[in-house]
Each structure stands twice: as structure tokens, then as C-alpha cells.
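One-based numbering along the sequence shown.
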Amino acid sequence: MRIGEFAEAAGTTAKTLRFYEEQGLLPPPDRTSSGYRDYPPDAIARVDFVHRGQAAGLTLAQIRQIVDIRDAGHAPCAHVRDLLDARLRDIEQQIAQLLMLRDTITRLRDNAESPEPEKCSPDEVCRYV
């Protein structure tokens with residue numbers, strides 16, 4: 001199928017498909033005699049995989065590693081598990097940082113519960129931050 005059809009079926013754009021091809025996420029498709037890209041129907045599953053990987057927070061480079069392992073004839077399961085473990089650790093760290101930020105903002109907001117602008121010195125922008 002041509003790139004427009006393929007993009008519509010895969011829920012993306014032709015520009016994205018060309019980018020995926022340049023990045024090694026999609027194998028180069030066959031070309032018609034007039035030079036148009038001619039994607040096989042199973043290429044949609046590859047784009048779906050890329051989208052699922054992105055939804056899990058994997059980078060395109062990480063997704064390409066997984067695809068390269070699969071294209072070399074190996075199951076990428078252990079590599080995927082390791083990537084997901086690292087992603088979970090990153091998320092846990094982000095959550096901890098967000099909780100600390102929430103506590104800081106809560107404390108600042110509590111201090112500003114009853115604003116007293118007359119107590120602010122002219123050299124302060126705002127004493128509550």
C-alpha cells in the first residue's frame with residue numbers, strides 16, 4: 001500500500017512514516033516502478049509497536065534497539081524487561097520529586113494563607129516565595 005493509505009491505516013502521517021524509516025524503525029519498503037513507497041500490510045504492526053513503546057515512555061532509540069534485536073532473529077524480551085525496569089525507576093524518582101515539590105508549594109501556600117502586604121519590604125518581590 002502507498003504511504004498515504006498506510007499512514008491512514010496506521011493512524012499517523014506520511015511525514016512520521018518517512019521519519020521512522022530514516023531512523024531505522026521501519027525497514028525501507030519496496031518501491032513501485034514509478035518510485036512510490038509500497039508498504040506491506042504487516043508494517044502496520046511495526047508502527048503500532050513503535051506507538052506502544054512511546055506510550056510506555058521509551059525513546060525512539062530504545063525502540064530501535066528492540067526492533068534491531070527482533071530483526072536479527074532474536075526475542076527482545078529480556079532487553080524490553082530491562083528497559084521497562086529502568087523506566088519504572090525513573091518514574092518512581094519523578095514521583096518522589098513531585099511529592100517534594102508539592103510539599104514545598106503547600107508550605108509556601110500555607111504561609112501565604114493570610115497575606116499581609118504591608119509587612120513586605122520594598123526590596124522583596126514577595127515574601128511568600
Side-chain angles (χ1 to χ4, degrees):
M1 82 185 86
R2 291 207 181 146
I3 197 165
E5 282 180 278
F6 180 47
E8 186 175 332
T12 191
T13 65
K15 182 178 180 179
T16 298
L17 294 175
R18 287 187 204 97
F19 178 76
Y20 287 172
E21 186 181 332
E22 289 170 12
Q23 297 302 307
L25 297 165
L26 277 176
D30 292 334
R31 298 279 184 154
T32 65
S33 58
S34 55
Y36 291 108
R37 287 171 169 85
D38 189 21
Y39 291 93
D42 64 343
I44 292 173
R46 178 70 64 102
V47 174
D48 288 342
F49 172 76
V50 172
H51 290 168
R52 289 191 317 272
Q54 288 178 306
L58 299 177
T59 66
L60 290 180
Q62 291 168 325
I63 294 168
R64 187 177 55 247
Q65 290 171 352
I66 297 166
V67 166
D68 288 346
I69 292 168
R70 172 53 71 195
D71 288 346
H74 305 286
C77 303
H79 185 68
V80 169
R81 184 200 59 233
D82 293 345
L83 290 172
L84 293 174
D85 283 344
R87 184 70 183 122
L88 283 171
R89 284 190 303 273
D90 290 344
I91 289 170
E92 291 297 329
Q93 184 179 22
Q94 289 173 340
I95 290 170
Q97 290 170 343
L98 286 170
L99 289 171
M100 289 187 323
L101 177 59
R102 184 189 65 189
D103 292 346
T104 299
I105 292 172
T106 299
R107 191 175 55 256
L108 292 171
R109 173 62 178 91
D110 289 347
N111 291 339
E113 186 66 37
S114 299
E116 301 177 56
E118 65 281 352
K119 290 187 177 181
C120 289
S121 71
D123 60 333
E124 290 181 304
V125 174
C126 180
R127 69 187 185 116
Y128 298 114
V129 179

Kindly compute the distance separating CD1 (I44) from OH (Y39), expressed to the nearest 0.5 Å. 11.5 Å

Run the side chain to side chain contact (heavy atoms under 4.5 Å, CB included) test against E5 and tell me which residues pass, sequence neighbours left out. M1, R2

Exercise answer: donor-acceptor pairs, residues 74-88 side-chain atoms, under 3.5 Å, sequence neighbours excluded:
residue	atom	partner	partner atom	Å
H79	NE2	Q65	OE1	2.9
R87	NE	A56	O	3.4
R87	NE	G57	O	3.4

Heavy atoms only: give me the nearest A7-A14 pair and the separation to one decimal. CB-N, 3.6 Å

Shared ILVMFWY cluster between I69 and L26, side chains joined below 4.5 angstrom? no

Residues that A10 engages under side chain to side chain contact (heavy atoms under 4.5 Å, CB included), provided they are two or more places apart: F6, T12, V47

Counting C-beta onward and ignoring hydrogens, is there a side-chain heavy-atom pair between F49 and I63 closer than 4.5 Å? yes

For L25, the option from E21, Q23, E22 that meets side chain to side chain contact (heavy atoms under 4.5 Å, CB included): Q23

Sequence-distant partners of R64, side chain to side chain donor-acceptor pair (under 3.5 Å), two or more places apart: none

E8 CD: over 12 foreign heavy atoms closer than 6.0 Å: no

Show me the side-chain donor-acceptor pairs of residues 90-108 shorter than 3.5 Å, one per line, residues at least two apart or across chains.
residue	atom	partner	partner atom	Å
T104	OG1	M100	O	3.1
T106	OG1	R102	O	2.8

Holding to side chain to side chain contact (heavy atoms under 4.5 Å, CB included), I want the full list of residues that pass it with S34, two or more places apart in sequence or in another chain. T32, Y36

How close do Y128 and S114 get, heavy atom to heavy atom, and via which atoms? OH-O, 3.7 Å

